[in-house]
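A short worksheet on the structure shown next.
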Amino acid sequence: MMAARCSVPSKEVQLFQTFTGLQHLAETRRFKGLLTTFKSSIRSHDLSPRKHGHGYGYSTFHLLFCFTGSFRSLMFHTSALISTMGLEQEAWFLDQFGVLHDGKKPYPGAILTLEKLAMTGSKMVIISNSSRRASTTMEKMKSLGFDPSLFVGAITSGELTHQYLQRRDDAWFAALGRSCIHMTWSDRGAISLEGLDLQVVEDVGEAEFVLVHGTEAMGTPSGTAIPMKLEDLEKTLEHCAAKRIPMVVANPDFVTVEARALRVMPGTLAAKYEKLGGEVKWMGKPDKIIYEAAMAMSDVDVSDSIAVGDSLHHDIKGANAAGIQSAFITGGIHANELGLVGFGEAADLSSVQALASKYDAYPSYVLPAFTW
């Protein structure tokens with residue numbers, strides 16, 4: 001009988017159970033039996049996700065610890081996860097950086113995995129905190145060798161930001177005004193504000209809000225971008241915070257994986273701004289807004305969705321907030337924290353649990369990489 005409270009003594013921590021392929025898990029019905037037992041146990045003991053304070057993220061990953069009376073989990077290859085979820089999960093919301101590619105090239109097996117997943121009839125949507133428009137993201141995917149036809153489409157933070165600024169049908173955005181300080185990219189290419197009827201200013205005194213697309217440059221009224229160091233952008237933010245103007249961040253990521261290195265992203269500036277007392281509108285993960293947009297695009301509800309990502313704070317915590325299941329890829333931005341060196345290397349369970357607790361983000365499944 002399952003105890004009403006989950007206690008995880010350190011002496012009971014055990015290694016992940018590993019499934020090596022699709023058929024292994026598909027042919028055994030033990031896991032589906034466990035899922036049924038979990039649902040029954042939750043009802044009988046009132047172990048609702050809301051009660052435990054983790055949103056709907058208090059899912060299979062965490063429930064398994066409680067159910068067994070010890071700290072256990074399943075370490076899946078993607079193929080095994082697909083076997084388990086394939087009949088129940090009709091839409092897969094896939095992060096791109098750290099899951100499908102590193103910004104320069106696809107990860108080993110990622111393209112094949114997408115093709116295999118498409119053969120199951122599943123819908124796939126890229127959900128990314130990229131500050132680029134969705135069309136640009138799909139063009140980037142194609143240039144890296146991915147087949148755009150495999151996806152229903154893409155939802156990016158940049159796309160959501162553009163739409164909200166353009167429509168102004170949301171009360172918060174309607175009150176923003178039109179003049180802004182624009183922080184953007186330089187080496188990666190500046191973000192166009194065409195069609196938004198915005199006036200980019202360089203004097204904080206003239207600005208009504210801050211728009212952050214990048215961390216490398218300051219936009220000018222002419223549409224060009226002047227390269228700036230991160231420290232200089234932060235100094236500008238101090239003046240903006242003193243004026244008490246709001247910020248819209250079009251990429252909530254703190255860092256991203258680029259060719260195995262970590263690169264500072266706009267979320268770092270947004271976090272700094274909040275510490276300065278500024279108001280920030282986070283347009284992407286972990287806010288549920290991007291998951292709701294993905295569900296609308298693929299015409300599914302929470303019960304038919306699963307999110308795959310490498311960031312506990314953004315991908316997994318966001319999935320928890322949206323009430324959908326999630327798969328955590330350990331070989332992405334948390335690889336160093338988990339002590340991982342090589343691609344596809346399995347993480348130690350106790351390290352994953354400690355990291356999940358640190359970020360208060362609880363995945364349903366854990367995978368070393370997005371491979372079949």
Side-chain angles (χ1 to χ4, degrees), residues 97 128-133 156-162 164-166 168 170-193 196-256 258 261-287 289-290 311 313-314 317-318 333 359:
F97 290 91
S128 172
N129 274 353
S130 169
S131 48
R132 308 285 174 184
R133 299 288 301 278
T156 67
S157 296
E159 184 66 38
L160 288 174
T161 300
H162 188 92
Y164 274 72
L165 285 172
Q166 187 175 58
R168 301 276 177 153
D170 175 90
W172 193 90
F173 279 88
L176 273 183
R178 295 288 175 177
S179 60
C180 68
I181 293 290
H182 185 212
M183 297 182 178
T184 184
W185 298 112
S186 176
D187 294 342
R188 298 164 70 97
I191 305 292
S192 172
L193 303 182
L196 296 181
D197 191 24
L198 295 178
Q199 179 185 0
V200 175
V201 298
E202 298 177 83
D203 182 355
V204 172
E206 300 175 5
E208 295 174 284
F209 72 101
V210 186
L211 177 58
V212 184
H213 277 107
T215 61
E216 297 175 340
M218 185 76 77
T220 68
S222 66
T224 59
I226 302 174
M228 281 194 179
K229 294 181 179 179
L230 189 66
E231 294 79 8
D232 293 329
L233 294 177
E234 290 178 337
K235 289 179 181 178
T236 298
L237 289 182
E238 291 176 3
H239 296 300
C240 293
K243 189 183 176 185
R244 303 186 66 81
I245 58 176
M247 171 191 284
V248 178
V249 59
N251 182 332
D253 283 350
F254 299 132
V255 295
T256 191
E258 190 167 284
L262 295 182
R263 188 170 188 142
V264 176
M265 302 303 283
T268 298
L269 291 176
K272 168 77 172 181
Y273 200 59
E274 284 191 330
K275 287 182 179 179
L276 291 170
E279 179 186 7
V280 177
K281 176 67 78 172
W282 298 81
M283 295 302 291
K285 300 175 285 187
D287 194 281
I289 183 174
I290 197 166
S311 169
H313 176 76
H314 294 98
K317 198 176 188 70
I333 65 170
Y359 289 97

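We count residues from 1, following the sequence as given. This is a predicted model, so every value here is computed, not measured.
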Checklist entry - Can you tell me if N129 uses its side chain to pair, donor with acceptor, with the backbone of K285 under 3.5 Å? => result yes
Item to check | Nearest-0.5 Å distance that lies between atom CG in D203 and atom CD1 in I181 | outcome: 7.0 Å
Item to check | Side-chain touch T156/R132, heavy atoms, less than 4.5 angstrom | outcome: no
Item to check | Parallel, tilted or perpendicular: ring planes of F254 versus W282, cut at 30 and 60 degrees | outcome: perpendicular
Next on the checklist: Distance alone, cut at 3.5 Å: any donor-acceptor contact between the side chains of N251 and S157?
Outcome noted: no
Checklist entry - Which distance, rounded to the nearest 0.5 Å, do you find between the NE2 of H314 and the OH of Y359? => result 10.0 Å
Checklist entry - With distance as the sole test, does W185 use its side chain to make a donor-acceptor pair with the main-chain N or O of H213 at under 3.5 Å? => result yes
Checklist entry - Rounded to the nearest 0.5 Å, how far apart are CD1 of I289 and CG of D287? => result 6.0 Å
Next on the checklist: Is it the case that the side chain of R178 and the backbone of L196 share a donor-acceptor pair, with hydrogens and angles ignored and the cut-off at 3.5 Å?
Outcome noted: yes
Next on the checklist: Quick check on side-chain contact (heavy atoms from CB on, under 4.5 Å): which of K281, E208, R168 does L176 satisfy it with?
Outcome noted: R168
Checklist entry - Can any side-chain N or O of S179 pair as donor or acceptor with the backbone N or O of E206 at less than 3.5 Å? => result yes
Next on the checklist: To the nearest 0.5 Å, what is the distance between NE2 on H313 and CG on D253?
Outcome noted: 9.0 Å
Checklist entry - At what distance, to the nearest 0.5 angstrom, does OG of S131 lie from CD of E159? => result 12.0 Å
Item to check | Side chains of P246 and Y273 in contact at under 4.5 Å (non-hydrogen atoms) | outcome: no
Item to check | Residues, nucleotides or ligands: over 12 heavy atoms within 6.0 Å of Y164 OH | outcome: no
Under 3.5 Å, which donor-acceptor pairs link side chains of residues 224-241 to any protein atom two or more places apart or in another chain?
unit_1, atom_1, unit_2, atom_2, d
T224, OG1, T220, OG1, 2.7
T224, OG1, S222, OG, 3.1
T236, OG1, D232, O, 3.3

Item to check | Check: L269 and T215 side chains under 4.5 Å, non-hydrogen atoms | outcome: yes
Checklist entry - Which value, rounded to the nearest 0.5 Å, describes the distance between Q166 atom CD and L198 atom CG? => result 10.0 Å
Item to check | Heavy-atom donor-acceptor pair, T184 side chain to I191 backbone, under 3.5 Å | outcome: yes
Checklist entry - Any side-chain heavy-atom pair from H182 and M218 closer than 4.5 angstrom? => result no
Next on the checklist: With a 4.5 Å cut-off on side-chain heavy atoms, are L165 and L211 touching?
Outcome noted: yes
